[in-house]
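In what follows, a single structure is set out as structure tokens and then discussed.
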Amino acid sequence: MLIGRTMAVKVLIVDDHEIMREGMSALLHKYSEFEVVGQAADGRQAMEMVSRLKPDVVIMDVGMPNLN
């Protein structure tokens, strides 16, 4: 439980492997402190989504296609 925080931490998951994105998303959905706001499959898509969604945290694979 996050003390003194009323809203969930907004998370963007970025990985070129769908199974990794889905697994991480399923894991985070178990905790009300986190809200997965999006998933991206490459670096360019991630940059666009960060700009639009303004997540608090980005969980990202370091070796990504189209901008890493």
Side-chain angles (χ1 to χ4, degrees):
M1 182 166 106
L2 297 174
I3 298 172
R5 184 163 177 123
T6 59
M7 297 181 68
V9 175
K10 297 185 297 183
V11 180
L12 175 65
I13 300 170
V14 184
D15 198 298
D16 54 332
H17 298 99
E18 183 178 8
I19 194 164
M20 293 299 291
R21 294 191 313 267
E22 291 298 326
M24 184 63 68
S25 181
L27 178 66
L28 291 174
H29 276 21
K30 292 182 178 185
Y31 301 94
S32 62
E33 296 91 355
F34 300 101
E35 175 189 1
V36 177
V37 294
Q39 297 182 27
D42 66 47
R44 292 194 197 289
Q45 185 181 26
M47 294 299 292
E48 182 275 322
M49 292 180 84
V50 164
S51 178
R52 182 171 41 90
L53 299 173
K54 309 269 191 269
D56 299 311
V57 175
V58 177
I59 300 174
M60 184 173 190
D61 183 0
V62 295
M64 296 290 298
N66 299 322
L67 191 64
N68 59 17

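What you see is a predicted model, and the numbers here were worked out from it, not measured in a lab. Basis for what follows: all heavy atoms, side chains included, without hydrogens, waters or symmetry-related copies.
- V9 has its side chain out of reach of E33: every pair of non-hydrogen atoms, C-beta onward, lies at least 4.5 Å apart.
- Remark: D16 CG to M60 CE distance equals 9.5 Å, nearest 0.5 Å.
- Of all non-hydrogen atoms in V14 and D42, the two that sit nearest each other are CG1-O, 4.2 Å.
- Listed by chain and number, the residues in a side chain to side chain donor-acceptor pair (under 3.5 Å) with E22 amount to none (sequence neighbours excluded).
- Taking all atoms of both residues into account, the shortest heavy-atom contact from A40 to L12 is N-CD1, 4.5 Å.
- Cluster annotation: V37 is connected to M49 through the hydrophobic network of ILVMFWY side chains, with a link wherever side-chain heavy atoms come within less than 4.5 Å.
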Legend entry - side-chain contact (heavy atoms from CB on, under 4.5 Å) between I59 and L28, worked out: CA-CA 11 Å; I59 300 174; L28 291 174; 4.1 Å; yes
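- Distance CD/Q39 to CD1/I13: 5.5 Å, rounded to 0.5 Å.
- Residue pairs that meet the salt bridge (Lys or Arg N to Asp or Glu O under 4.0 Å) test with at least one member in residues 43-55, sequence neighbours left out, are E48-R52.
- Heavy atoms only, all atoms of each residue included: A8 and S32 are closest at CB-O, 3.6 Å.
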